[in-house]
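First up is the structure itself, then whatever we jot down about it.
Keep in mind that the numbers below use all heavy atoms, side chains included, and drop hydrogens, waters and symmetry copies. Letters A, B, ... mirror the listed sequences (proteins, then strands); counts begin at 1.
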Amino acid sequence: MIDLRALREDPDAYRASQRKRGASPDSVDALLSADADHRSALQSFETLRAEQKGLGKQIAKASPDEKQGLLARTKTLAEEVKTAESRVTATAAAFEAAGRALPNLVAGEAPAGGEDDFIVLREVGETTVPENVRDHLEIGTALGLIDTERGAKTSGARFYYLTGDGAMLQLAMLNLAIQQAVATGFTPMIPPVLVRPDAMEGTGFLGEHSDEIYYLERDELYLVGTSEVPLASYHSGENLGDLSEPRRYAAWSSCFRREAGSYGKDTKGILRVHQFDKIEMFSFCRPEDAEAEHRKLLSYEEQMLKKMELPYRVIDVAAGDLGTSAARKFDTEAWVPSQGRYRELTSTSNCTTFQARRLNIKYRDEQGRNAVAATLNGTLATTRWLVSILENHQQPDGSVAVPKALQPFLGKEVIEPK
RNA sequence: GGAGGAUUCGCAUAGUGGCCUAGUGCGCCCGCCUGCUAAGCGGGUUUCGGGUGAUACCCGAUCAUGGGUUCAAAUCCCAUAUCCUCCGCCA
């Protein structure tokens with residue numbers, strides 16, 4: 001949800017933001033007129049209601065004779081109040097719908113354009129394609145780390161088992177990520193992954209992503225596609241005090257995605273699956289600190305990538321490819337030798353006050369007034385990372401070298417063929 | 001699955017149709033008093049929206065949520081949600 005006062009003050013900024021996303025600025029004007037309708041309906045209702053309350057007080061004190069006269073007038077007034085109120089309800093619904101239709105104001109620095117208009121901020125590490133390169137599925141199958149056939153037998157396409165050292169490798173990576181997060185001031189969390197409609201709605205996932213979400217109809221619960229949902233919802237409806245320090249959480253969770261509309265895309269291996277595990281960082285902070293916090297989340301992601309000894313690049317995602325809630329987004333993409341290109345491993349978004357406004361998350365500002373907080377999220381590790389780890393660390397003899405940082409968890413330096 | 005109870009300001013509670021402009025206590029904020037501290041005294045303190053740019057003032061909404069009855073609802077009626085207790089079933 002957009003800041004309406006800011007919108008009224010400077011609608012052009014929002015029109016420009018829409019154009020930058022490649023979306024129509026008409027939705028800005030639709031919201032403005034819905035807002036005006038709603039406010040005028042509110043005002044006429046409030047005037048009538050004030051009159052009704054005043055008369056009610058007179059009646060309470062009036063003598064029986066006077067009462068009769070007053071009652072005649074209040075009866076018609078009651079009708080007027082009722083119609084005015086229903087007009088308020090109707091305009092409010094239209095206004096809310098228009099409000100939901102407008103995505104967050106894009107940050108000034110974010111590049112304009114669509115999916116392909118990102119800017120590469122930096123490339124780190126050397127990308128190589130080994131001779132006789134094998135993809136992660138070949139490696140994983142040969143070493144007994146990944147079993148997609150039995151995954152399909154049990155659950156269908158895009159499901160898999162991680163087995164033996166494959167399971168250990170993932171646990172090692174997730175543990176390392178949590179450890180790093182705790183060391184940098186995050187509170188570790190294991191959140192619920194089944195959530196109610198209002199939690200899903202509040203984080204904005206029921207809009208553009210609704211096809212992606214598993215829904216348990218009998219129980220009216222959604223399976224989360226990311227722990228961003230339960231983490232954002234954690235403080236919903238709360239006032240977080242002065243927020244002089246950001247509140248940071250890092251959650252481990254399984255994530256579930258239907259991958260509707262991705263038929264034929266990345267069908268091999270574990271690059272795109274219905275269920276995976278993830279460590280997600282989430283920050284609540286003052287709006288003025290959000291940009292610096294965003295940089296921090298990005299730097300934590302890069303730290304993890306370096307610990308995994310992966311070549312990667314950082315991109316500044318273009319406006320048209322931002323989510324509804326994001327004002328700016330940085331992705332990191334790791335090198336995948338078998339494909340000869342970079343693939344997204346992490347994504348960090350600055351949602352400014354957009355998400356928190358919907359979830360009603362406040363803090364107390366310098367003047368002691370309640371104000372809307374900012375929220376940010378970022379990925380610290382996911383199952384997909386295994387793709388890049390296995391492929392970049394494959395060795396000519398068929399083994400895979402374990403990154404140094406994971407060796408203590410795994411108890412070995414190399415995963416050897418059996 | 002079944003039966004009961006609960007939901008009121010940050011917390012605890014009072015409140016059975018107009019006296020609610022929601023009381024009280026705790027907490028918190030401001031002040032007074034006082035060698036210091038504690039205590040005591042006085043004042044303030046739900047949240048959201050609008051007038052409106054404004055910390056003042058005025059208006060409206062807000063007693064879990066949504067409907068209804070009424071000139072008038074925290075209060076009466078209906079539905080729903082959540083929490084708690086108990087029973088049953090299951091791991």
When both hydrogen-bonding distances must be under 3.5 Å and the geometry is Watson-Crick or G-U wobble, what is [N] paired with, if anything?
| N | answer |
| --- | --- |
| B/rG23 | B/rU13 |
| B/rA56 | none |
| B/rA91 | none |
| B/rC32 | B/rG40 |
| B/rC86 | B/rG2 |
| B/rA61 | B/rU47 |
| B/rA81 | B/rU7 |

Is there a donor-acceptor contact under 3.5 Å from the side chain of [X] to the main chain of [Y]?
| X | Y | value |
| --- | --- | --- |
| A/Glu259 | A/Glu212 | no |
| A/Ser299 | A/Lys296 | yes |
| A/Thr382 | A/Arg384 | yes |

Under 4.0 Å between a Lys/Arg side-chain N and an Asp/Glu carboxylate O for A/Asp211 and A/Arg258? no
When you compare [N] with [M], how far apart are their [atom1] atoms, in angstrom units rounded to a whole number?
| N | M | atom1 | answer |
| --- | --- | --- | --- |
| B/rC78 | B/rC19 | C1' | 30 Å |
| B/rA73 | B/rU21 | P | 12 Å |
| B/rG31 | B/rG49 | C1' | 32 Å |
| B/rA56 | B/rG68 | P | 37 Å |
| B/rC9 | B/rC48 | C1' | 14 Å |
| B/rG25 | B/rU8 | C1' | 15 Å |
| B/rG66 | B/rA81 | C1' | 10 Å |
| B/rC63 | B/rC76 | C1' | 16 Å |

Separation of A/Glu149 CD from A/Tyr161 OH (nearest 0.5 Å): 12.5 Å
Rounded distance (Å) that lies between atom [atom2] of [N] and atom [atom1] of [X]:
| X | N | atom1 | atom2 | value |
| --- | --- | --- | --- | --- |
| A/Arg87 | B/rG60 | CZ | C1' | 15 Å |
| A/Leu4 | B/rG49 | CG | C1' | 11 Å |
| A/Glu9 | B/rU52 | CD | P | 14 Å |
| A/Glu238 | B/rC48 | CD | P | 15 Å |
| A/Phe95 | B/rG49 | CZ | C1' | 10 Å |
| A/Asn360 | B/rU47 | CG | P | 12 Å |
| A/Leu48 | B/rA72 | CG | P | 13 Å |
| A/Asp242 | B/rC28 | CG | P | 17 Å |

Just checking A/Asn370: base, sugar-phosphate only, or nothing, at a heavy-atom cut-off of under 4.0 Å? sugar-phosphate
Donor-acceptor contacts, no H, no angles, side chain residues 402-412 of chain A, under 3.5 Å, sequence neighbours left out:
{"residue": "A/Gln407", "atom": "NE2", "partner": "A/Val402", "partner atom": "O", "Å": "2.9"}
{"residue": "A/Lys412", "atom": "NZ", "partner": "A/Asp165", "partner atom": "OD2", "Å": "2.7"}

Let me see the working for A/Asp266 and A/Arg343 under salt bridge (charged side-chain N to carboxylate O under 4.0 Å, His left out), right down to the final yes or no. CA-CA 11 Å; A/Asp266 301 320; A/Arg343 298 301 303 257; 2.9 Å; yes
Is the centre of the A/Tyr222 ring less than 6.0 Å from the centre of the A/Tyr214 ring? no
Strictly under 6.0 Å, is that where the ring centroids of A/Phe256 and A/His274 end up? no
Closest-nucleotide mapping onto RNA chain B: is A/Ala371 or A/Glu51 further toward the 5' terminus? I mean the 5' end. A/Ala371
In the 5'-to-3' direction, what one-character label does each nucleotide of nucleotides 61-71 of chain B receive under the scheme B = base within less than 4.0 Å of a protein heavy atom, S = sugar-phosphate only, - = no such atom? S-------S-B
Could you point out which residue of A/Glu301, A/Glu302, A/Lys278 forms a side chain to side chain donor-acceptor pair (under 3.5 Å) with A/Thr346? A/Glu301
So, is A/Arg5 close to the B/rG50 phosphate, meaning a side-chain N or O under 4.0 Å from OP1 or OP2? yes
Parallel, tilted or perpendicular for A/His235 and A/Phe284, by the 30°/60° rule? perpendicular
With the threshold set at under 4.0 Å for non-hydrogen atoms, list the residues of residues 32-43 of chain A touching RNA chain B in residue-number order. A/Arg39, A/Gln43
